[in-house]
Structure formats: C-alpha cells, structure tokens
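Below is one structure, written out as structure tokens; the observations come after it.
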Amino acid sequence: MASGAILTTVADFICQMFLEEHKKYNKKRGAVLATYGGAEMGVESRLWFPLLDRVLGSSMTFASAIKKLVLDQFLYSPIETASMMKWTNFFERRTEKFEDKISDDYFLALLGVYLIWIPSSFLSFYMIPLKFRGLFVGMVDMVSDTFMAYASHNNL
C-alpha cells in the first residue's frame, strides 16, 4: 500500500537524518524500507486486522481487545519484527549475517516494539473501529518504524 510505503520512508528519513545523523539520505535504504512498509501495511490492514475481527468478532469490548492484543503482539509482532530485519538485511545486501543480527538485536528490538505497540494495540482494538484502524496504526507505525529502521541498521 502506498500509505505504508510513504510512512515508512518518512520514518527512515527521520531515523537517518536525526537519530543516526547522516549527512546525506541513503535513498537505496529508503527504497528498501518503503517496499517493506507498503507490503507490511497491506498485510496488516487488508488481511491481519480483518482476520482478527472474523475470528474473535468485531465487538470492541475489553475482553475482545485483550484477546486481539495477545494474538497481535505475541503472534504477529515477533514475525513482523524478524521479517523487517530479514528484508533489510537481504535487499540491502548487508555484510552482517542475518543470524548474527537476530542473535544480537532481535529481543531488544522486540522489546522496543512491545513498548510502543502493546498500549497502542489495546487502544486500537478497544476504541478504534476497523474502518479507521489502518489510519491509527499508520500513525503509530511512524514511531515504530523509526525505531525499527534504527534497530535494523544499528547495534542495540
């Protein structure tokens, strides 16, 4: 999805220019992350969230939000975090072995994702209707993707 690609590109720009303090924006890295962001946002908004609503119902109750949160954070997020690391490692042809990156940084990256997404996911499932969930998630993704761009390209 175009919105996911744009949000991830902006997140990577913020990461490169302000967190990593690059003098020049790395467009190849930005393009790799943009393709990932577009694909990931499409999977999340078109498949994952509707699947959760089909399986667990669309009611926005406390119990339903907790069930969706558990599945989202403890099933989807670990896969998505590793996928982003693998995507950047493979498509940027990084010299660091993927296995080493996972061994060194995966659990800290996942912890960072949890700090951002556990409260955000609860709010999303408890208060945000499905038709607006993609927009809400996109805004939180900007923060999360800035962190993940950093985590994918630096030692934590």
Side-chain angles (χ1 to χ4, degrees), residues 1-20 25-58 60 64-94 98 101-102 105-154 156:
M1 287 181 62
S3 59
I6 292 166
L7 289 171
T8 305
T9 301
V10 171
D12 183 53
F13 181 84
I14 292 167
C15 178
Q16 285 190 45
M17 303 311 290
F18 300 104
L19 297 178
E20 298 171 347
Y25 180 65
N26 180 336
K27 293 176 189 170
K28 179 184 176 191
R29 170 178 150 173
V32 167
L33 284 167
T35 57
Y36 180 81
E40 191 268 332
M41 180 74 80
V43 168
E44 207 168 63
S45 65
R46 304 266 186 214
L47 300 174
W48 179 244
F49 291 143
L51 175 67
L52 289 176
D53 274 5
R54 273 195 308 278
V55 171
L56 298 172
S58 60
M60 295 180 356
S64 176
I66 293 296
K67 290 175 190 173
K68 290 175 185 177
L69 167 83
V70 168
L71 288 176
D72 188 49
Q73 292 308 302
F74 299 104
L75 179 63
Y76 185 82
S77 284
I79 295 167
E80 196 269 327
T81 300
S83 296
M84 185 171 188
M85 291 178 150
K86 179 64 176 175
W87 188 281
T88 57
N89 186 277
F90 179 79
F91 286 107
E92 292 176 25
R93 294 189 168 98
R94 301 193 53 199
F98 173 68
K101 182 66 177 169
I102 289 292
D105 295 326
Y106 175 76
F107 289 106
L108 284 175
L110 189 59
L111 178 62
V113 166
Y114 285 158
L115 290 173
I116 295 166
W117 277 109
I118 287 177
S120 300
S121 289
F122 178 76
L123 287 174
S124 173
F125 296 130
Y126 191 54
M127 303 181 88
I128 311 291
L130 181 60
K131 66 181 178 179
F132 298 115
R133 203 168 290 154
L135 179 63
F136 175 78
V137 166
M139 297 299 107
V140 178
D141 258 342
M142 182 88 83
V143 175
S144 179
D145 286 351
T146 300
F147 169 73
M148 281 304 300
Y150 184 85
S152 294
H153 294 89
N154 296 278
L156 299 178

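Note that these values count all heavy atoms, side chains included, but never hydrogens, waters or copies made by symmetry. The structure presented is a predicted model; accordingly, all values stated were derived computationally and were not measured.
Counting only heavy atoms from C-beta outward, the side chains of Trp117 and Val137 approach each other to under 4.5 Å. At least one side-chain heavy atom of Ile118 sits less than 4.5 Å from a side-chain heavy atom of Leu69. A 4.5 Å side-chain heavy-atom check between Ser64 and Met60 finds every atom pair outside the cut-off. By the 4.5 Å heavy-atom criterion applied to side chains, Leu7 and Asp145 are not counted as neighbours. Inter-residue side-chain proximity for Glu80 and Val113 is flagged as unmet; no heavy-atom pair is nearer than 4.5 Å. The closest side-chain heavy-atom distance from Leu56 to Leu71 is below 4.5 Å. A 4.5 Å side-chain heavy-atom check between Glu20 and Asn26 finds every atom pair outside the cut-off.
For the residue pair Thr35 and Trp87, a side-chain donor N or O sits within less than 3.5 Å of a side-chain acceptor on the partner. With no hydrogens or angles considered, no side-chain donor-acceptor pair links Thr88 and Glu92 at under 3.5 Å.
Taking the six-membered ring where the residue is Trp, Trp48 and Tyr76 present parallel rings, their angle staying beneath 30° rather than reaching 60°.
His153 approaches Lys101 most closely through the heavy-atom pair N-NZ, 4.3 Å. Closest heavy-atom contact between Ser120 and Val140: OG-CG1, 3.5 Å.
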Run the side-chain contact (heavy atoms from CB on, under 4.5 Å) check on Ile66 and Phe122 step by step: do they pass?
CA-CA 7 Å; Ile66 293 296; Phe122 178 76; 3.9 Å; yes
Would Phe90 and Phe98 count as a ring pair (Phe, Tyr, Trp, His ring centres under 6.0 Å) here? Give the steps.
CA-CA 8 Å; Phe90 179 79; Phe98 173 68; over 10 Å; no
Decide yes or no on side-chain contact (heavy atoms from CB on, under 4.5 Å) for Leu115 and Phe147, but give the supporting numbers first.
CA-CA 11 Å; Leu115 290 173; Phe147 169 73; over 6 Å; no
side-chain contact (heavy atoms from CB on, under 4.5 Å) between Thr146 and Phe18: does it pass, once the steps are laid out?
CA-CA 10 Å; Thr146 300; Phe18 300 104; over 6 Å; no
After noting the C-alpha distance and the side-chain angles of Phe107 and Tyr114, does the key distance pass the ring pair (Phe, Tyr, Trp, His ring centres under 6.0 Å) rule?
CA-CA 10 Å; Phe107 289 106; Tyr114 285 158; 10.0 Å; no
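Side-chain atoms of Lys86 never come within 3.5 Å of backbone atoms of Thr81 as a donor-acceptor pair (strictly under, hydrogens ignored). Panel note: side chain Asn89, backbone Arg94; no donor-acceptor pair is recorded below 3.5 Å. Without hydrogens or angle criteria, Thr8 side chain to Gly4 main chain gives a donor-acceptor distance under 3.5 Å. Listed for the Tyr36 side chain is no donor-acceptor partner under 3.5 Å among the backbone atoms of Met85. Side-chain atoms of Ser83 come within 3.5 Å of backbone N or O of Ile79 as a donor-acceptor pair. Without hydrogens or angle criteria, Tyr106 side chain to Ala82 main chain gives no donor-acceptor distance under 3.5 Å.
For the atom pair CE of Met41 and CD1 of Ile6, the computed distance is 10.0 Å after rounding to the nearest 0.5 Å. Between Met142 atom CE and Asp12 atom CG the span is 12.0 Å, to the nearest 0.5 Å. Distance check: Cys15 SG to Asn154 CG gives 6.5 Å after rounding to the nearest 0.5 Å. Distance check, rounded to the nearest 0.5 Å: CE of Met84 to CD of Glu40 gives 8.5 Å. Here CZ of Arg133 is found 5.0 Å from CG of Asp53. Values are rounded to the nearest 0.5 Å. Between Asp105 atom CG and Tyr150 atom OH the span is 9.5 Å, to the nearest 0.5 Å.
Salt bridge Asp72/Lys68: absent, no basic N to carboxylate O contact under 4.0 Å.
By the neighbour-count criterion of 12 heavy atoms within 6.0 Å, atom CE of Met17 is densely surrounded, having more than that number from other residues, nucleotides or ligands.
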